[in-house]
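Just below is one structure, and these are the notes that go with it.
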Amino acid sequence: MPAVPNPRVAIFPGTFDPPTLGHLDLIARAARLFDRLIVAVLHNAAKQPRFSVDLRVAMLREAVASQPGVDVEAFEGLLVHYARARGVSAIVRGIRGGADLDYERQMAATNRHLDAAIDTVFLAPSPAVAHISSTLVREILSAGGPVRGLVPPAVEARLASEAPAGRTQRA
Ligand code: PNS
């Protein structure tokens with residue numbers, strides 16, 4: 001990537017368990033607004049995600065491979081600590097509707113309390129993907145249903161071939 005003086009760096013954090021087309025829509029929007037976007041995948045040893053952090057990072061890397069200025073990394077601990085260490089000035093989060101609002105507002109206020117220099121920027125996803133959630137994708141996967149049109153093709157291919165974290169693949 002060419003060097004930009006005082007580049008505006010944003011972080012798009014999440015669990016991405018698994019990454020969806022909704023996430024990809026927000027990544028594309030955020031990448032247009034900032035010089036560099038770090039997609040940060042939470043690695044929380046206390047949580048039990050369905051897919052390993054390595055797989056979530058790999059799926060996202062494949063899905064954003066053609067997008068300049070977008071990097072995918074795993075992070076642990078407090079988001080604001082990681083963001084500050086990376087020179088980030090904005091946290092990007094998506095708001096799909098009213099159900100997201102209270103949680104996102106609370107999280108933004110807490111992050112501001114922890115580090116007032118880092119702002120949270122809310123983006124609205126395209127209506128075409130605003131119904132998609134990782135939780136529902138996991139539910140569909142658990143029932144052996146199709147996730148085409150809900151996750152990026154690269155993720156769909158991976159999900160078809162990889163076993164979920166902590167489970168053995170069914171024949
Ligand atoms: O995709 P998600 O699960 O809605 O993402 C939540 C995430 C990863 C952004 C949030 O849990 C987080 O930032 N975790 C890191 C720990 C932290 O900084 N907590 C305090 C701020 S609310």
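The figures here come from the full heavy-atom set of this structure, side chains too, leaving out hydrogens, waters and symmetry mates. Just follow the structure's listing: the first ligand is 1, and inside any ligand the first atom is 1.
Interface of Leu42 with ligand 1, defined as ligand atoms under 4.0 Å from a residue heavy atom, comprises 8 (C), 15 (C). Taking every non-hydrogen atom of Gly77 and a distance limit under 4.0 Å, the qualifying atoms of ligand 1 come out as 15 (C), 16 (C). In summary, the atoms of ligand 1 found under 4.0 Å from a heavy atom of Leu79, numbered by their order in the structure, are 13 (O), 17 (C), 18 (O). Every atom of ligand 1 is numbered from 1 in the order shown, and the set under 4.0 Å from a heavy atom of Leu78 is 17 (C), 18 (O), 19 (N), 20 (C).
Considering backbone and side-chain atoms together, Arg93 places an N or O closer than 3.5 Å to an N or O of ligand 1. Looking at ligand 1, you won't find any N or O of Phe75 less than 3.5 Å from one of its N or O atoms.
A side-chain donor-acceptor contact under 3.5 Å links Arg50 and Ser142.
For the pair Phe12/Ile38, no side-chain contact is recorded, criterion being any heavy-atom separation below 4.5 Å from C-beta on. Looking at heavy atoms from C-beta onward, Ile27 lies in side-chain contact with Gln67 at the 4.5 angstrom threshold.
Heavy atoms of Asn111 found under 4.0 angstrom from ligand 1 belong exclusively to the side chain.
More than 12 heavy atoms of other residues, nucleotides or ligands lie within 6.0 Å of NE2 in His131, so this atom counts as buried by the packing criterion. Remark: Arg112 CZ is loosely packed, at most 12 non-hydrogen atoms of other residues, nucleotides or ligands lying under 6.0 Å away. Residue-environment remark: CZ (Arg84) stays at or below the threshold of 12 foreign heavy atoms within 6.0 Å.
Ring pair His43/Phe75: centre-to-centre distance not below 6.0 Å.
Less than 4.0 angstrom separates atom 8 (C) of ligand 1 from at least one non-hydrogen atom of the protein.
Nearest non-hydrogen protein atom to atom 1 (O) of ligand 1 is Thr15 N, 2.9 Å. For atom 10 (C) of ligand 1, the closest heavy atom belonging to the protein is Met107 SD, 3.9 Å. Summary of contacts: the protein heavy atom closest to atom 6 (C) of ligand 1 is Tyr103 OH, 3.8 Å.
For the ligand labelled ligand 1, residue Ala40 lies outside the 4.0 Å heavy-atom shell.
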